[in-house]
Amino acid sequence: MRVPPGSLRILSLFSARHLVTLQRRGLCDAPMRLVQFHRHSDGGGVRVGVEQDEGLGVVDLRAFDPSMPSTMKELLELGDEGLNCARRAVSSGQCVLKRSDVRLLSPILAPEKVVCVGLNYRDHCLEQNAPIPKEPIIFSKFPNAITGPYDDIVLPSESQEVDWEAELAFVIGRQGKHIKEEEALSYVAGFMVANDVSARDWQMKRNGKQWLLGKTFESFCPLGPALVTTDAVRDPHKLGIRCLVNGEKVQSSNTEQMIFKTEALISWVSKFVTLTPGDVFLTGTPPGVGVFRKPPVFLKRGDVVECQIDQLGSIINKVI
């Protein structure tokens with residue numbers, strides 16, 4: 001059941017407890033595209049907003065309610081209270097900034113964890129003649145690798161083999177440990193597009209073939225353009241996923257090829273660590289990466305990389 005237009009204004013009169021109850025019953029679960037941004041006019045402070053649609057205006061949550069936090073992580077830590085306020089701001093029709101007045105940042109900055117999954121697409125395993133993993137292969141990026149959906153990817157002087165990886169990402173919305181698979185999706189705040197930029201020489205030939213250093217140069221984790229709440233994604237495991245380099249399609253697959261789905265990844269990782277609001281998961285990439293082309297192809301200065309996922313949008317990053 002979906003609330004008719006204008007009804008959220010009435011719901012805002014209820015107590016926070018009633019709002020939480022209504023949301024859990026599905027009565028005020030309007031999907032949202034949550035964003036972080038700078039306003040060009042205020043010197044660059046981080047703010048949280050709701051994108052009206054990809055490429056359209058942004059509702060400034062703190063302008064609507066000065067008590068709202070200024071980062072996405074803090075918004076998620078508020079739980080239902082924060083998301084309900086965001087929905088009230090959207091339904092009010094107020095505090096809308098023109099897209100030309102803002103610069104979108106990564107939907108999440110400085111998460112506690114960036115959890116990545118290797119070899120998680122069946123077609124990607126076939127591409128390199130690798131066996132299908134029996135357990136998730138987990139590695140990490142440092143949070144300082146995160147950059148915005150339209151920011152530059154910086155080629156490090158230490159690597160000559162920088163590659164692209166379009167990926168589905170999701171963000172944890174509430175704390176949990178030893179999470180059951182059947183309950184795991186309730187811990188997801190939303191989904192977004194990621195590019196797991198990778199220095200293949202460091203990943204595959206150096207540092208004992210440990211993956212971390214090759215994955216975590218600064219700017220090697222573009223995210224965005226928005227954190228799309230779970231109620232807006234019909235099935236996260238049936239989404240077209242693509243990567244284009246200079247307009248040429250180099251990756252094209254579907255998230256149904258994922259070996260370990262969102263629920264399995266949350267349950268697995270939460271056996272080892274406590275998941276907290278704002279934690280980011282990158283769920284693996286499909287075939288078409290540069291390193292397995294014949295001959296291999298790597299990114300060079302001036303290239304433009306676009307990663308697209310159906311229902312989520314696209315991120316576009318120039319290589320400098």
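When reading the values below, keep in mind they use all heavy atoms of this one structure, side chains included, and skip hydrogens, waters and symmetry mates. All figures in this text were calculated on a predicted structure; none of them were measured in a lab. All residue numbers refer to positions in the sequence shown, counting from 1.
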One pair to check against side chain to side chain contact (heavy atoms under 4.5 Å, CB included): C221 and L282. What are the steps and the verdict? CA-CA 10 Å; C221 191; L282 276 61; 4.1 Å; yes
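- Using bins of under 30°, 30° to 60° and over 60° for the plane-to-plane angle, the ring pair F281/F170 lands in the parallel bin.
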Please report, to 0.1 Å, the donor-acceptor pairs under 3.5 Å made by any side chain of residues 178-193, with sequence neighbours excluded.
from, atom 1, to, atom 2, distance (Å)
S186, OG, R174, NH2, 2.8
S186, OG, E183, O, 2.6

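- Here the side chains of L97 and R39 are in contact, with some heavy-atom distance below 4.5 Å.
- When each of V304, L299, V319 is checked for a side chain to side chain contact (heavy atoms under 4.5 Å, CB included) with V245, only L299 meets the rule.
- Under the rule for a side chain to side chain donor-acceptor pair (under 3.5 Å), E256 has no partner lying at least two apart in sequence or in another chain.
- Between the side chain of S106 and the main chain of L109, no donor-acceptor pair closer than 3.5 Å is present.
- Clustering of Ile, Leu, Val, Met, Phe, Trp and Tyr by side-chain heavy atoms under 4.5 Å joins L126 with none of the others.
- Applying the side-chain hydrogen bond (donor to acceptor under 3.5 Å, both in side chains) rule to pairs touching residues 310-320 yields R242-D310, E306-S314, sequence neighbours excluded.
- For the atom pair CG (L168) and OG1 (T283), the distance works out to 4.0 Å, reported to the nearest 0.5 Å.
- Atom CG of D303 and atom CD1 of I153 lie 9.5 Å apart (nearest 0.5 Å).
- With rounding to the nearest 0.5 Å, the separation of CG in L275 from CG in L265 is 10.5 Å.
- V289 is listed as a side-chain neighbour of H124, based on a closest heavy-atom distance under 4.5 Å.
- Applying the salt bridge (Lys or Arg N to Asp or Glu O under 4.0 Å) rule to E51 yields the partners R33, R99; only residues at least two apart in sequence or on another chain are considered.
- Of all the heavy atoms in M68 and C85, the pair that sits closest is SD-SG, 3.2 Å.
- Between R293 and V250, some side-chain heavy-atom pair lies under the 4.5 Å cut-off.
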Side chain to side chain contact (heavy atoms under 4.5 Å, CB included) evaluation trace for Q251 with I241: CA-CA 8 Å; Q251 290 184 284; I241 179 170; over 6 Å; no
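- Residue pairs satisfying the ring pair (Phe, Tyr, Trp, His ring centres under 6.0 Å) criterion with at least one member in residues 234-274, sequence neighbours excluded, are listed as follows: W268-F272.
- In this structure, the side chains of V171 and P111 stay at 4.5 Å or more apart for every pair of heavy atoms.
- Linking Ile, Leu, Val, Met, Phe, Trp and Tyr whenever their side-chain heavy atoms come within less than 4.5 Å puts V197 and W202 in one cluster.
- A heavy-atom distance below 4.5 Å is not found between the side chains of I137 and N120.
- With values rounded to the nearest 0.5 angstrom, C95 atom SG is found 6.5 Å from D60 atom CG.
- The closest side-chain heavy-atom distance from P133 to C125 is below 4.5 Å.
- Cluster partners of F142, by chain and number: L212. The rule joins Ile, Leu, Val, Met, Phe, Trp and Tyr whenever side-chain heavy atoms lie under 4.5 Å apart.
- A donor-acceptor pair under 3.5 Å is formed between the side chain of Q257 and the backbone N or O of D123.
- By the side chain to side chain donor-acceptor pair (under 3.5 Å) test, D196 is found to be paired with K141, K215, residues two or more places apart in sequence or in another chain being considered.
- Without hydrogens or angle criteria, T276 side chain to Q175 main chain gives no donor-acceptor distance under 3.5 Å.
- Residues satisfying the side chain to side chain donor-acceptor pair (under 3.5 Å) criterion with Q36, sequence neighbours excluded, are absent altogether.
- Note on V280: it does not cluster hydrophobically with V117, by side-chain heavy-atom contacts below 4.5 Å among ILVMFWY residues.
- With rounding to the nearest 0.5 Å, the separation of CD1 in I259 from CD1 in I132 is 4.0 Å.
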Run the side chain to side chain contact (heavy atoms under 4.5 Å, CB included) test on L119 and Q128 for me, step by step, so that the C-alpha distance in whole Å, both residues' side-chain angles and the decisive distance to 0.1 Å come before the verdict. CA-CA 10 Å; L119 295 176; Q128 52 191 296; 3.3 Å; yes
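- Looking at D163, its side chain never comes within 3.5 Å of a backbone N or O of F298 through a donor-acceptor pair.
- C243 and W164 make their closest contact through SG-CD1, 3.8 Å (heavy atoms, listed as atom of the first residue, atom of the second, distance).
- Taking every heavy atom of both residues into account, P107 and L223 meet most closely at CD-O, 3.6 Å.
- Listed by first and then second residue, the ring pair (Phe, Tyr, Trp, His ring centres under 6.0 Å) pairs involving residues 36-58 amount to none (not counting sequence neighbours).
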Please determine whether side chain to side chain contact (heavy atoms under 4.5 Å, CB included) holds for the pair V305 and I316, giving the CA-CA distance in whole Å, both sets of side-chain angles, and the decisive distance to 0.1 Å. CA-CA 6 Å; V305 185; I316 303 172; over 6 Å; no
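- Listed for the S267 side chain is no donor-acceptor partner under 3.5 Å among the backbone atoms of A264.
- Clustering ILVMFWY residues whenever any of their side-chain heavy atoms sit less than 4.5 angstrom apart, transitively, puts L61 in the very cluster that holds V90.
- Between the T216 side chain and the A145 main chain, no donor and acceptor come within less than 3.5 Å of each other.
- I146 and I315 are not part of a single hydrophobic cluster, where members link through side-chain heavy atoms under 4.5 Å apart.
- Taking the side chain as every heavy atom from C-beta outward, V291 and M204 approach each other to under 4.5 Å.
- Counting only heavy atoms from C-beta outward, the side chains of E127 and Y121 never approach each other to under 4.5 Å.
- Rounding to the nearest 0.5 angstrom, the gap separating the CD1 atom in I138 from the CH2 atom in W211 is 10.0 Å.
- In terms of the side chain to side chain donor-acceptor pair (under 3.5 Å) criterion, residue partners of K113 (sequence neighbours excluded) are, by chain and number, D279.
- Applying the side-chain hydrogen bond (donor to acceptor under 3.5 Å, both in side chains) test to pairs two or more places apart or on separate chains, those with a residue in residues 149-161 are R103-D151, T147-D151, S159-D201, E161-K205.
- In the displayed structure, E218 atom CD is contacted under 6.0 Å by at most 12 heavy atoms of other residues, nucleotides or ligands.
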